[in-house]
Amino acid sequence: LTRCVKDIRFHTKNEMLPLQKKRTDEIDVLAGAINSMIEHISVVSAKLSHEALHDALTGLSNRRALLLTLKGYYESMLRGDPACIGLILLDLNGFKPINDTLGHAAGDAVLQDLASRFKTRCDDALHCHRLGGDEFAFVLHNACSQSLSTIAADIRVLIQQPLSYE
């Protein structure tokens, strides 16, 4: 058993590699069980990592992901990367009455629809994050080469499109 446990190896990304089955006795059964646990832990770990950085309602990156993104850009700039970063903060006016009059299900539907619209505007350079409630942030990498006012106008058009809710 000690020999089997010593065979557990860690990959460079802290992922455990499966044990090699070399025998057909109870140690082989144990190795199979350990391999199953390793696989399950890996799946659960990936799911938890995703949930930690994404909003459950909209699927957009969340506030924590935004802070990590901005920290990464800041550290990159400290290393001499001359990239410009643009930030657009969006707070939806008049959203509270939707929840108050039509209910939270309607408010959730509006947020999900808006998130879907925002995703259509995003690309490798522009990322959207839901900060919470009715607040969103758009981060533009290499903002010097693109106009933030054009992006803001595009976002306004997306928001102004009609929405139906049943």
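Put simply, the side chain of L140 reaches to within 4.5 Å of the side chain of L148, judged on heavy atoms. A 4.5 Å side-chain heavy-atom check between Y73 and V139 finds at least one atom pair inside the cut-off. Contact annotation: the side chain of L92 approaches that of F136 to within less than 4.5 Å [non-hydrogen atoms, C-beta and beyond]. Considering only heavy atoms from C-beta on, L60 comes within 4.5 Å of K119 through its side chain. Residues I41 and I38 are not in side-chain contact: their nearest non-hydrogen atoms beyond the backbone lie 4.5 Å or more apart.
The minimum heavy-atom distance linking G107 with F95 is given by the pair O-CZ, 3.5 Å. When all heavy atoms are compared, the tightest approach of L66 to A137 is CD2-CB, 3.8 Å. Closest approach of L131 and R63 over heavy atoms only: O-NH2, 3.1 Å. The two residues D81 and S76 make their nearest non-hydrogen contact at OD2-OG, 2.9 Å. Nearest heavy atoms, L111 versus D134: CD2-CA, 4.3 Å.
Listed for the S49 side chain is a donor-acceptor partner under 3.5 Å among the backbone atoms of S45. Counting only distance, with no hydrogens or angles, the side chain of T69 and the backbone of A65 share a donor-acceptor pair below 3.5 Å. With hydrogens and angles disregarded, no donor-acceptor distance shorter than 3.5 Å links the side chain of R130 to the backbone of D55. Although no hydrogens or angles enter the test, the distance criterion places no donor-acceptor pair under 3.5 Å between the side chain of S116 and the main chain of Q112.
By the criterion of side-chain heavy atoms lying less than 4.5 angstrom apart, applied directly or through intervening Ile, Leu, Val, Met, Phe, Trp or Tyr residues, L70 is grouped together with M77 in one hydrophobic cluster. In terms of hydrophobic clustering, with Ile, Leu, Val, Met, Phe, Trp and Tyr side chains grouped at heavy-atom distances under 4.5 Å, L87 and L67 are assigned to different clusters. No chain of hydrophobic side-chain contacts below 4.5 Å, direct or via other Ile, Leu, Val, Met, Phe, Trp or Tyr residues, connects L158 to Y165. Clustering ILVMFWY residues whenever any of their side-chain heavy atoms sit less than 4.5 angstrom apart, transitively, puts I159 in the very cluster that holds L163.
Partners of R64 by salt bridge (Lys or Arg N to Asp or Glu O under 4.0 Å), not counting sequence neighbours: none found.
Using bins of under 30°, 30° to 60° and over 60° for the plane-to-plane angle, the ring pair F138/F118 lands in the perpendicular bin. The aromatic rings of H50 and H54 lie parallel to each other, with less than 30° between the two planes, well short of the 60° mark.
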Please tabulate, one pair per line, all N/O donor-acceptor pairs under 3.5 Å involving side-chain atoms of residues 149-157, not counting sequence neighbours.
from	atom 1	to	atom 2	distance (Å)
S149	OG	S147	OG	2.8
T150	OG1	S147	OG	3.2
D154	OD2	R121	NE	2.8
D154	OD2	R121	NH2	3.2

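Under the 4.5 angstrom side-chain criterion for Ile, Leu, Val, Met, Phe, Trp and Tyr, the cluster partners of Y74 are L78.
In D124, the CG atom is not crowded: 12 or fewer heavy atoms of neighbouring residues, nucleotides or ligands sit closer than 6.0 Å. Surrounding CD of E51 are more than 12 heavy atoms belonging to other residues, nucleotides or ligands, all under 6.0 Å away.
In this structure, the separation between OG1 on T58 and NE2 on H129 is 11.0 Å, given to the nearest 0.5 Å.
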